[in-house]
Amino acid sequence: MNQVEVLDNGVVLNGNLLTFPLSYEDIRALFGEARINVQSDNHFEYFYDELGISFEGATAYLRNLKKQKAYIDETHNITSMTMYVTGKKVFAESKTEKRYIGGLKVLNQNMSRDRLYPYILGYGYNSEIKDEQGNMVRQIHMDIVLKVEDELKRKDIPVYDGDQILLDVYIGFKPERPKSDENYNITVSDAPCLIFDTFNFKLAVIQELMYNQEVLKPYFDIYDYMIFKKAHWNLETDKNVRAAVSFFKELPIPASLAGLVKEINMDGSDEIYMQIAPEWDGRDERFDFRKVTKAEMEQFPNLKKMLIFGNERDAESLRKVCAPLGIEVEPMACTSV
């Protein structure tokens, strides 16, 4: 008989720990190839017919994972699991070829009926993390939904037969954003700071020092910054968030960090651009730069290579200043204009 146990951030399936978010490779390494149903270009269901279980993932889920600081990489976009106990379709048009037969525990216990509450399609389940004194700290990071066909009779429908679960189950990862202790108040340092004439070049330097090397503080996160400022900005946008732009313009960068910058490798997925424009798709030129000054580039004695947005003409324009300083410049786009 199969056994699933729901934990705080994942499940144990037949003795195998699965921590969300998952990639297909994580699952395949444990259970082999899945039968894959493609709902759209970036939305997949992974069916394990012998187990009676499916997993679901989509690139659209990555945005929320990033928002909740649960993002790993683009492949880790699987956030839910469905157990087909009754052999019927549960929350989608597809289902497994065989039923799930086995148990379901939450934090090593069968679900208690007094913790069930009315929910869409059936019951939700309250599961709590408690401290050593038995006081509730928070709910676990997993949503558990039991599907009930006849909602009028659900109070009388049994959940278990012994240790065997009798209802179809949806288990979804619902991470809670950890609290940040960053202080985003900018203070003026007495130590020498770098001077920039080109803001987009400064952003590329911040990407390297703050997000790649993590030596420039405070580590800026637009959602944490919004909480810190007790503000309510629209972050579901591809437009630049003015507060983020202002922060980076005002942020001093100690001159002592300049020697750590050896390469600049600009990419549309760089974290700094996601902080400024959370849904930017990389298709416009707002973060390009075609000119720099000798004065700002001379501050980086160990900078030897820059991979920039743009084309060969853009790179050639930058080489006029960079080449005499021993800095190689290459464009991401290979075609000349």
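Index from 1, following the sequence.
- Atom NZ of Lys217 has more than 12 neighbouring heavy atoms from other residues, nucleotides or ligands inside a 6.0 Å radius.
- Residues Lys98 and Asp49 share a closest heavy-atom pair of CB-O, 3.2 Å.
- The hydrophobic cluster containing Val148 does not contain Leu166, counting ILVMFWY residues as joined when their side-chain heavy atoms lie under 4.5 angstrom apart, directly or transitively.
- A donor-acceptor contact shorter than 3.5 Å links the side chain of Gln139 to the backbone of Ser127.
- Counting all heavy atoms, side chain and backbone alike, Leu251 lies closest to Pro218 at CD1-CD, 4.2 Å.
- Atom NZ of Lys69 has more than 12 heavy atoms from other residues, nucleotides or ligands within 6.0 Å.
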Where do Glu271 and Gln207 land on the side-chain hydrogen bond (donor to acceptor under 3.5 Å, both in side chains) test, with the steps shown first? CA-CA 7 Å; Glu271 188 66 29; Gln207 169 65 35; over 6 Å; no
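- Expressed to the nearest 0.5 Å, how far SG of Cys322 lies from CE of Met306 amounts to 4.0 Å.
- Linking ILVMFWY side-chain heavy atoms closer than 4.5 Å, directly or via other members, places Met1 and Val4 in two distinct hydrophobic clusters.
- Within the model, atoms CG of Leu22 and CZ of Arg28 stand 14.0 Å from one another, a figure rounded to the nearest 0.5 Å.
- Results of the ring pair (Phe, Tyr, Trp, His ring centres under 6.0 Å) test with Phe287 over Phe199, Trp280, Phe201 single out Trp280 as the only residue that passes.
- Between Ile165 and Tyr100 the shortest side-chain heavy-atom distance falls below 4.5 Å.
- Panel note: side chain Asn302, backbone Lys262; no donor-acceptor pair is recorded below 3.5 Å.
- Ring geometry for Tyr119 versus Tyr117: interplanar angle over 60°, hence perpendicular rather than tilted (30 to 60°).
- Between the CD1 atom of Ile222 and the NZ atom of Lys67 there is a distance of 12.0 Å, given to the nearest 0.5 Å.
- Closest approach of Leu7 and Leu107 over heavy atoms only: CA-CD2, 4.1 Å.
- Atom CD of Glu214 is surrounded by more than 12 heavy atoms from other residues, nucleotides or ligands within 6.0 Å.
- Counting non-hydrogen atoms of other residues, nucleotides and ligands closer than 6.0 Å to CZ of Arg283 gives a total of 12 or fewer.
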May I have the step-by-step check of side chain to side chain contact (heavy atoms under 4.5 Å, CB included) for Lys294 and Val321, ending in yes or no? CA-CA 6 Å; Lys294 180 181 178 183; Val321 171; 4.3 Å; yes
For the pair Glu97 and Arg35, evaluate side chain to side chain contact (heavy atoms under 4.5 Å, CB included) and give the outcome as yes or no after the intermediate values. CA-CA 10 Å; Glu97 295 175 0; Arg35 175 171 59 87; 4.0 Å; yes
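- In terms of modelled atom types and a separation under 3.5 Å, the side chain of Glu208 and the main chain of Ile264 share no donor-acceptor contact.
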Chi angles and distances behind the side chain to side chain contact (heavy atoms under 4.5 Å, CB included) call for Glu330, Leu307: CA-CA 5 Å; Glu330 294 296 333; Leu307 178 67; 4.2 Å; yes
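- Contact check for Ile53 versus Thr96: no side-chain heavy atoms found under the 4.5 Å cut-off.
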Determine, stepwise, if the pair Thr198 / Glu296 fulfils side-chain hydrogen bond (donor to acceptor under 3.5 Å, both in side chains). CA-CA 8 Å; Thr198 308; Glu296 64 186 330; 2.6 Å; yes
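- Scanning all heavy atoms of the two residues, the minimum distance from Phe300 to Ala258 falls at CD2-O, 3.7 Å.
- Using modelled atom types and a 3.5 Å distance limit, the side chains of Ser317 and Asp314 yield no donor-acceptor pair.
- Residues Phe20 and Ser80 approach most closely at CE2-N, 3.8 Å, considering heavy atoms.
- Checked by atom type and distance alone, the side chain of Asp270 never pairs as donor or acceptor with a backbone atom of Ile272 at under 3.5 Å.
- Here the side chain of Asn200 pairs a donor or acceptor atom with the backbone of Asp288 at under 3.5 angstrom.
- In this structure, Tyr184 and Asp221 have side chains that are in contact, with non-hydrogen atoms separated by less than 4.5 Å.
- Remark: side-chain polar atoms of Asn2 are paired, donor with acceptor, to backbone N or O of Ile101 under 3.5 angstrom.
- Looking at heavy atoms from C-beta onward, Met210 lies out of side-chain contact with Gln275 at the 4.5 angstrom threshold.
- When side chains are defined from C-beta on, Asp224 counts as touching Arg177, because their heavy atoms get closer than 4.5 Å.
- Taken together through direct or relayed side-chain contacts under 4.5 Å among Ile, Leu, Val, Met, Phe, Trp and Tyr, Phe173 and Ile27 form part of one hydrophobic cluster.
- Annotation: the span from Ile72 atom CD1 to Thr19 atom OG1 amounts to 8.5 Å, rounded to 0.5 Å.
- Within 6.0 Å of CD1 on Ile195 lie no more than 12 heavy atoms contributed by other residues, nucleotides or ligands.
- Connection of Leu17 to Met142 is not established within any shared hydrophobic cluster, with ILVMFWY side chains joined at heavy-atom distances below 4.5 Å, either directly or through further cluster members.
- By the 4.0 Å N-to-carboxylate-O rule, Lys304 lies too far from Glu328 to be salt-bridged with it.
- Atom CD of residue Glu5 and atom CG of residue Asn108 lie 5.0 Å apart, to the nearest 0.5 angstrom.
- Val329 pairs in a side chain to side chain contact (heavy atoms under 4.5 Å, CB included) with only one of the listed residues (Glu316, Glu312, Lys305, Arg319), which is Arg319.
- When only modelled atom types and interatomic distance are considered, Arg286 and Tyr273 share no side-chain donor-acceptor pair under 3.5 Å.
- Side-chain atoms of Tyr125 come within 3.5 Å of backbone N or O of Ser112 as a donor-acceptor pair.
- Hydrophobic clustering (side-chain heavy atoms under 4.5 Å, transitive across Ile, Leu, Val, Met, Phe, Trp, Tyr) groups Phe228 together with Phe247.
- For the 3.5 Å distance criterion, the side chains of Asn110 and Asp163 qualify, holding a donor opposite an acceptor.
- In this structure, a donor-acceptor pair under 3.5 Å is present between the side chains of Tyr24 and Glu33.
- Counting only distance, with no hydrogens or angles, the side chain of Asp143 and the backbone of Ile171 share no donor-acceptor pair below 3.5 Å.
- Under the 4.5 Å side-chain criterion, counting only non-hydrogen atoms from C-beta, Gln39 is in contact with Asn37.
- The CG atom of Asn311 sits 12.5 Å away from atom CE of Met332, with the distance rounded to the nearest 0.5 Å.
- When every heavy atom of Tyr61 is checked against every heavy atom of His43, the shortest pair comes out as OH-NE2, 3.6 Å.
- By the 4.5 Å heavy-atom criterion applied to side chains, Lys174 and His141 are not counted as neighbours.
- Contact of the Ile78 side chain with the Asp26 side chain is not registered, since no non-hydrogen atoms from C-beta on lie closer than 4.5 Å.
- Between the side chains of Asp168 and Thr86, at least one donor-acceptor pair of N or O atoms lies under 3.5 Å.
- A donor-acceptor pair is defined here as one N or O able to donate and one able to accept, closer than 3.5 Å; no such pair exists between the side chain of Tyr123 and the backbone of Arg115.
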Ring pair (Phe, Tyr, Trp, His ring centres under 6.0 Å) between Phe309 and Phe289: does it pass, once the steps are laid out? CA-CA 8 Å; Phe309 294 144; Phe289 58 90; 8.5 Å; no
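- A 6.0 Å sphere centred on NZ of Lys66 holds more than 12 heavy atoms belonging to other residues, nucleotides or ligands.
- Between Phe31 and Phe55, the distance from one ring center to the other does not fall under 6.0 angstrom.
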